[in-house]
Amino acid sequence: MANEVKIALAGEGGQGVQSVAEIITEAANEEGKEALYIPNFGVEQRGGVSIAFVQIAEKQKIGSPKFEKADIVIALSDRAVLRSRQYVDERTVFVYDKSIQGVEDDLPKNAKQVLAIPAIEVAKNELHPRVFNIVIMGAVLHATRVVSEEQAKQALENKLGYKFEQNPELREMNHKALARGMELVAGLAQG
Amino acid sequence: MSECMEVTATTLLEPKMPRSWRRASKPHKFCPGCGHGDVLKALGTAIDDLGIQDRVVFGCDIGCSLLAWDFFECDTVQAHHGRTTPVITGIKRARPDRICIAYMGDGGGYAIGAQHLVNAATRNERITVILANNTNYAMTGGQMAPTTLPGQKTETCPYGRDIEAMGNPTLGPEMVAAITKENAYVARGTMANMRQLTTMLKKALQNQIDGRGFSFVEALASCPTNWRMNAKSTWDFVEKEMPNYFKVGELKVPAPKEG
Amino acid sequence: MTDQTINQQKPVQGEKRMFMTGNEVIAYAALAAGAEMMCGYPITPQNEIMHYWTRLAPKYERRFLQTEDELSAGFSTLGGVLAGRRAFTATAGPGNVLMQEPLSMAEMMRIPIVLIVQQRGGPSTATVIYSQQEVTLTCYGGNGEGARIVYSPSNHQELYDYTLKAFNTAWTYRFPTFILGDGYQAKMRESLTIYDPAVRGVQMVPTEPIIGGPGAPGTEREAVHLRNTFNTEEELYEIITAMMGEYDRIAPSIVEHEAIQTDDAEILILSHGVVSRATAAAVRELREAGIKVGSFRPITLRPFPVEALRNALKPVKKMLIVESAQGQLAKLCKEAIYGETTPIEYIFKPGVGVTAEEVVAKVKAMA
Ligand SMILES: Cc1ncc(C[n+]2csc(CCOP(=O)(O)OP(=O)(O)O)c2C)c(N)n1
Ligand code: SF4
């Protein structure tokens, strides 16, 4: 990790992109890195695409809270694809969910790489729809290496530990989701 | 599916949409299950029934009511938080032939805009003020409002509204009824009784059309998002809890016109 | 009233690295500063200051009042300050407009109120998100001469440090004091160290009742008679002249700025607040590319660091002023450097953020 890594996560309200951003940046902070996260917000309480702007650096203080172009953009719905492609340039890895229909023509043409991952499907069929955002988190972590898997697990523990205590299976499912998310990107990067 | 959700769902169906609604701005921008949509449906029906769409000037406040800035196929002005009543008063005084409506939330009407409501009512302005009471400041994320019920938790009374420290919830129509002349129309309706609410709004508008006096309707309305309630508890709160404190009915009805 | 047990310990103990939003930072800083009272009215993007305060304050026997609007919030806060409490309020945008009436009284009557502003888009209701469009309003709002002190922090550490400092500045000099933040700083999360001021040797300036203090008026002490109205032009003239004379005298001990690589800078970038994060990053990158560029940031916008800016300007051939407004910082700067002939270029982006990339591109075009 040379300079800072810039990540834009975009999805529908309820898909959990803001909590992914929060967990990742908290984990990075715990590792002693510099992290900055800002959500988009507006007048409407609901609706609209939710975007999280995340930046993580080894030591250097982060510059402006929002950025023009990201190293990695994750789009989790058709509207999110449209809203987030403005953050793409030739250095950007653009990741979107395979299940999004009819966006082929809207995908950014200038990206370094465009990856379709079956995160929604994996969460639904192999795990539980509830851990969809943790699958996404795994994908982000593998693509950016901004924090270690251990630290990510610790951050999950900090956030959801009280729930894990009541239901240890939940912990296992979250860990599996994280691992599956990482695999999804690893598979594509090799292939 | 609960009744509450059905009301909202049918609201979106073409055939049931009041004529005065602007089709291009539907589906509307309120959250699913929000009371604003229902109150504005009753208002749309009242405007249709009275045949006044071409004469209406609609003013919306800042609060979730601001999302209604392009709601009707009527000339509309979005004012500042709390200031819709004086803006609409000015328009009415300048153009008495228009039917001027001020639409706001309980924060806009009873907190920051309370002085305007009191003074417009006292002067018997020939305008119609409609206020959606959802017991919180919704647009800003669920803080305490003048109408927050005793013990109710919000973002700025996280331990529940303490009436020793914060007083009782505002009874708006009761207050307006007490300070207006006899030819004012004052009522409290609820989204839980759409027919009654529509009738109240028609009477309120008719009073302005007749040039008689100030008219004011508060409507009990839901805010499932900030109440953090599902459809069923939202509906229970509107139908059972709110009317315990906020009595639904007419508080002031002008005597029938002579002649 | 609440199920909250009173915590006898200090709300912030020792030092602690935290990762939090700017609104949270301010609530903690106010607690650590020993603020005793907040009056406020909801407005985005400052709401969470109140949310955190209402959760924490009762545990430490601090007061909160949600008023019916900002006029009332501002005037109630003035009441609290007059009664001798370290009291503050927070607002934004249209709320800041309304706050100018109480703040005008605070100027005239030298009431040490602290006001946190989280700038949002303007004019009118505009956006709830971000801008730097409340500079003129915050520095010179009201029907007076701008007898106030305005700090413009640029990161969470400064948000904490200067919120503590604002209470001390206000109570030392008895001029209303502002923290001018913005929606980005309010809502973003980053790291900082929060601390008990005592462990860093920071003494909180004691407060005292300005009105309603101990002793029977007329017998044990003079009765206090405060006013803001005067009969004659001459009377007012004398008061304002004395007040502004004092303001000018204390200004050198209040002004603060940050200069980055200005010693040999041929191009000087001027910015303040959150935008200077972008300019600092731009300076790093441009220096690597061999361009002699520096950055100057007023930390106090009022009083303005006039001397420091004039000094920084000495080697400079060109200036660039960057702000998320249409020239509000530029006005302050141009007044400060009156008489200089350095050519100035601008990046004005009212209501939106500025990135390092934009600044780099602009400076490269200028170089
Ligand atoms: C002068 C001013 N102060 C505060 C605000 C922020 N603000 C926007 S909407 C609102 C309250 C909304 O509550 P309410 O009027 O009850 O309407 P609701 O959203 O609940 O429908 C506030 C405080 C503002 N826009 N202007
Ligand atoms: S926040 Fe509440 S009042 Fe506002 S649109 Fe949503 S449900 Fe309606």
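More than 12 heavy atoms of other residues, nucleotides or ligands sit less than 6.0 Å from atom CZ of B/R98. Heavy atoms of other residues, nucleotides or ligands lying less than 6.0 angstrom from CG of B/D75 number 12 at most. Other residues, nucleotides and ligands contribute more than 12 heavy atoms inside 6.0 Å of the NZ atom of C/K349. By the 6.0 Å contact criterion, CD on C/E61 is open, its count of non-hydrogen atoms from other residues, nucleotides or ligands being 12 or less. The environment of NZ in B/K181 is sparse: at most 12 heavy-atom neighbours from other residues, nucleotides or ligands sit within 6.0 Å. Residue C/N143 places its CG atom among 12 or fewer non-hydrogen atoms of other residues, nucleotides or ligands, all under 6.0 Å distant.
Only the side chain of B/R83 comes within contact range of chain C, with at least one heavy atom under 4.5 Å from a heavy atom of that chain.
C/R55 places a side-chain N or O within 3.5 Å of a backbone atom of B/E155 that can act as its donor or acceptor partner. No donor-acceptor distance shorter than 3.5 angstrom exists from the side chain of C/Q66 to the backbone of B/T156, with no hydrogens or angles considered.
Interatomic distance, CD of B/Q115 versus CG of C/L71, reported as 7.5 Å (0.5 Å rounding). In this structure, CD in B/Q78 is found 6.5 Å from OG1 in C/T125, a value given to the nearest 0.5 Å.
Within the structure, side-chain hydrogen bond (donor to acceptor under 3.5 Å, both in side chains) contacts touching residues 93-103 of chain C (residues at least two apart or in different chains) are C/N96-C/Q100, C/N96-C/E134, C/N96-C/T138, C/Q100-C/R148.
When the heavy atoms of residues 27-47 of chain C are compared with those of chain B, the residues falling under 4.5 Å are C/Y41, C/P42, C/I43, C/T44, C/N47, listed by number.
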